[in-house]
Amino acid sequence: MSGTTAMNHYYLLGRSGLRVSRLALGTMNFGVDGFHAAYGKTLEEAEPIFRRYVESGGNFVDTADFYTAGESERIVGRLVAQAGNRERLVLTSKFTNTIDPTDPNASGNGRKHMIRALEASLRRLGTDYLDLYLLHTWDRVTPVEEVVQTFDDLVRAGKIRYAGLSNVPAWYATRAQSYAEAHGLTPFVTVQLPYSLADRGIEAEYVPMAQTLGMGLAAWSPLAGGLLTGKYRRTADGVAGEGRIGNPDAPGRPVNEHDWAVIDALRDVAAEVRRPMAQVALAWSLAQPAVTSLIVGASSVTQLDSSLAALDLQLPNDALLRLDQASAPGHRAAYGMFTPEYQSWVVSPGLAIGDRPAGFQPPVRNAR
């Protein structure tokens, strides 16, 4: 493991005592079946990636029942069994997506499917509990009270240790957390959302929500599906490069002018700090408010090593500022009124108003 960055800093996930590494291992590409099969890895191909992650100190492993039609969970389970490190890991899975398109209760977030999905995940993973279980996607119809109560039942039954949410509206996460708090039920300790230099749309609502309600933000797709790695280039026809984004038939939004402005700024900063663009993009995300961990996948040990190296990179303030400016999302409707610029212009002109003085609550670190 010579030359590999070690993950020896762990932080609490939300308002909980659960300690997780700053990079979580995403295993959506473990397996060669189902929706994600086009870029999947066999057990033999996934094993060195998993081994390097845990040998580097990583303890946060993320999967879902939907990934490669359940094969991701089976592979993760076998790798954990081979390594004999189940108790050292924060093993995470998710439910929502269908396991049988002919059965209306084999998908969604209702109690019946949630319990059945968990039992199936536990079998595939070869464990009798999950450290963290997440609702994968808001299904738009299941009452939030039913979801919260079922999570609480699963914690009390010893099937899961902590509960979380993924890909839900901010109002839904707020309602779920408030209901849990008001009724003394299991709180939600994390929310998983897409977040990167190329997509900062969550900042207006989700970041302050996570900070206020005690939910650690775990960012998925921090490299925007590979867009921020530098392997794609602009052409007269759009974009070229090896990967999904360079394939005109692949699903996903087209690369736009804002994306290219972000890429240009990222390339400049990367050249200045003499690091790959991907590492700079990850370092930027790690420096953002409310972010506890980034969920990173890897197609090889080399790619994982590059992501791990981002943990050692502290970007200069001027570099962070330039990346912030190049990637700044537009403020829609009322959100523009919540910016420091507007507030200092209209709400409290001529005054410096803040919530607390600097140093009021320094972070707690049990380290030398």
Side-chain angles (χ1 to χ4, degrees), residues 3-7 21-26 28-29 39 49 52-53 56 58 193-203 217-248 250 252-289 291-329:
T4 301
T5 301
M7 283 185 280
S21 47
R22 296 227 69 192
L23 295 185
L25 180 63
M28 188 170 67
N29 65 333
Y39 50 93
I49 298 170
R52 177 61 59 86
Y53 176 77
S56 300
L193 296 164
Y195 188 41
S196 70
L197 270 170
D199 185 358
R200 295 173 57 186
I202 70 169
E203 290 181 358
L217 176 59
W220 60 265
S221 196
L223 294 176
L227 181 65
L228 303 177
T229 62
K231 66 180 180 180
Y232 296 103
R233 66 185 186 279
R234 196 173 201 168
T235 67
D237 299 324
V239 58
E242 293 186 8
R244 286 169 288 167
I245 296 175
N247 179 0
R253 68 171 178 81
V255 181
N256 57 38
E257 289 299 324
H258 178 266
D259 295 327
W260 290 119
V262 172
I263 291 170
D264 288 343
L266 181 60
R267 183 179 294 109
D268 290 344
V269 171
E272 291 171 13
V273 300
R274 299 182 180 180
R275 291 289 196 100
M277 289 172 60
Q279 290 179 17
V280 174
L282 294 177
W284 178 89
S285 295
L286 287 166
Q288 300 312 299
V291 174
T292 300
S293 297
L294 306 181
I295 302 172
V296 296
S299 60
S300 66
V301 170
T302 300
Q303 191 178 79
L304 177 61
D305 284 344
S306 180
S307 295
L308 292 171
L311 295 169
D312 290 339
L313 176 58
Q314 185 171 356
L315 295 172
N317 289 336
D318 69 304
L320 287 169
L321 178 60
R322 279 184 286 147
L323 292 173
D324 286 345
Q325 292 172 337
S327 63

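All residue numbers in this chain count up from 1 along the given sequence.
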Enquirer: Could you list the residues that satisfy side chain to side chain contact (heavy atoms under 4.5 Å, CB included) with T229, not counting sequence neighbours?
Expert: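 Scan of T229 (side chain to side chain contact (heavy atoms under 4.5 Å, CB included), adjacent residues dropped) gives L223, K231, A278.
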Enquirer: Hey, does the side chain of D264 reach the backbone of A261 with a donor-acceptor pair shorter than 3.5 angstrom?
Expert: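 Absent.
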Enquirer: We want to know whether R22 and S293 form a side-chain donor-acceptor pair, criterion being a heavy-atom distance below 3.5 angstrom.
Expert: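 Result is no, nothing qualifies.
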Enquirer: Please name the pair of heavy atoms, one in R233 and one in W260, separated by the smallest distance, quoted to 0.1 Å.
Expert: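 Closest approach of R233 to W260: C-CH2, 3.5 Å.
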Enquirer: How far apart are the closest heavy atoms of S300 and I49, and which atoms are they?
Expert: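 So the two residues come closest at N-CD1, 3.8 Å.
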Enquirer: Are I263 and M277 close enough that some pair of their side-chain heavy atoms sits under 4.5 Å apart?
Expert: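 I263 vs M277: side chains touch.
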Enquirer: Suppose we screen for ring pair (Phe, Tyr, Trp, His ring centres under 6.0 Å). Which residues come up paired with Y53, at least two apart in sequence or across chains?
Expert: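 Residues passing ring pair (Phe, Tyr, Trp, His ring centres under 6.0 Å) with Y53: none at all.
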Enquirer: Taking only residues two or more places apart in sequence, or in another chain, which ones meet R322 in a salt bridge (charged side-chain N to carboxylate O under 4.0 Å, His left out)?
Expert: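 So R322 forms a salt bridge (charged side-chain N to carboxylate O under 4.0 Å, His left out) with E272, D318.
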Enquirer: Would you confirm whether N29, through its side chain, and A298, through its main-chain N or O, come within 3.5 Å as a donor-acceptor pair?
Expert: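 The answer is yes, because a donor-acceptor pair under 3.5 Å joins these two groups.
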Enquirer: Indicate yes or no: at least one non-hydrogen side-chain atom of L197 is less than 4.5 angstrom from one of S285.
Expert: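 No. Closest side-chain heavy atoms not under 4.5 Å.
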Enquirer: Determine whether D199 and P329 make a side-chain contact, defined as any pair of heavy atoms from C-beta on separated by less than 4.5 Å.
Expert: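 With C-beta onward as the side chain, the pair stays apart.
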Enquirer: Excluding sequence neighbours, so at least two apart, what forms salt bridge (charged side-chain N to carboxylate O under 4.0 Å, His left out) with D268?
Expert: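 Partners of D268 by the salt bridge (charged side-chain N to carboxylate O under 4.0 Å, His left out) criterion come out as none, since no residue qualifies.
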Enquirer: Would you mind reporting whether L323 and L315 have side-chain heavy atoms less than 4.5 Å apart?
Expert: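 Yes - at least one pair of side-chain heavy atoms lies under 4.5 Å apart.
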Enquirer: Write down the atom of L228, the atom of S196, and the distance for their closest heavy-atom approach.
Expert: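 In terms of heavy atoms, the two residues are closest at CD1-CB, 4.1 Å.
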Enquirer: Taking only residues two or more places apart in sequence, or in another chain, which ones meet S306 in a side-chain hydrogen bond (donor to acceptor under 3.5 Å, both in side chains)?
Expert: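 Checked S306 against side-chain hydrogen bond (donor to acceptor under 3.5 Å, both in side chains); matches are Q279.
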Enquirer: Do the side chains of V301 and D305 get nearer than 4.5 Å, heavy atoms only?
Expert: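 A side-chain contact exists here, since the closest heavy-atom pair is under 4.5 Å.
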Enquirer: Are any of the side-chain heavy atoms of L294 and W220 separated by less than 4.5 Å?
Expert: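 Result no, sub-4.5 Å side-chain heavy-atom pair not found.
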Enquirer: Please evaluate residues Y232 and V255 with respect to the criterion side-chain contact (heavy atoms from CB on, under 4.5 Å), reporting the C-alpha separation (whole Å), side-chain torsions for both, the decisive distance (0.1 Å), and the verdict.
Expert: CA-CA 10 Å; Y232 296 103; V255 181; over 6 Å; no
Enquirer: Please assess L23 against I295 for the test side-chain contact (heavy atoms from CB on, under 4.5 Å), listing each intermediate value before the final yes or no.
Expert: CA-CA 6 Å; L23 295 185; I295 302 172; over 6 Å; no
Enquirer: Less than 4.5 Å apart, side chain to side chain, heavy atoms only: is that true for V262 and E257?
Expert: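 No; the side chains remain at least 4.5 Å from each other.
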Enquirer: Specify the closest pair of heavy atoms between L313 and A283, including all atoms of both residues, with the distance to one decimal.
Expert: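 L313 and A283 have their closest heavy atoms at O-CB, 3.7 Å.
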Enquirer: Compare every heavy atom of M7 with every heavy atom of L308, then report the nearest pair and how far apart it is.
Expert: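 So the two residues come closest at CD2-CE, 3.5 Å.
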Enquirer: Yes or no on side-chain contact (heavy atoms from CB on, under 4.5 Å) for W284 and D324, after CA distance, side-chain angles and deciding distance?
Expert: CA-CA 9 Å; W284 178 89; D324 286 345; 2.7 Å; yes
Enquirer: Is the shortest side-chain heavy-atom distance between L217 and T292 below 4.5 Å?
Expert: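 A side-chain contact under 4.5 Å is absent here.
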Enquirer: Please enumerate all residues that pass side chain to side chain contact (heavy atoms under 4.5 Å, CB included) together with A326, with sequence neighbours excluded.
Expert: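 Result, side chain to side chain contact (heavy atoms under 4.5 Å, CB included) vs A326: A265.
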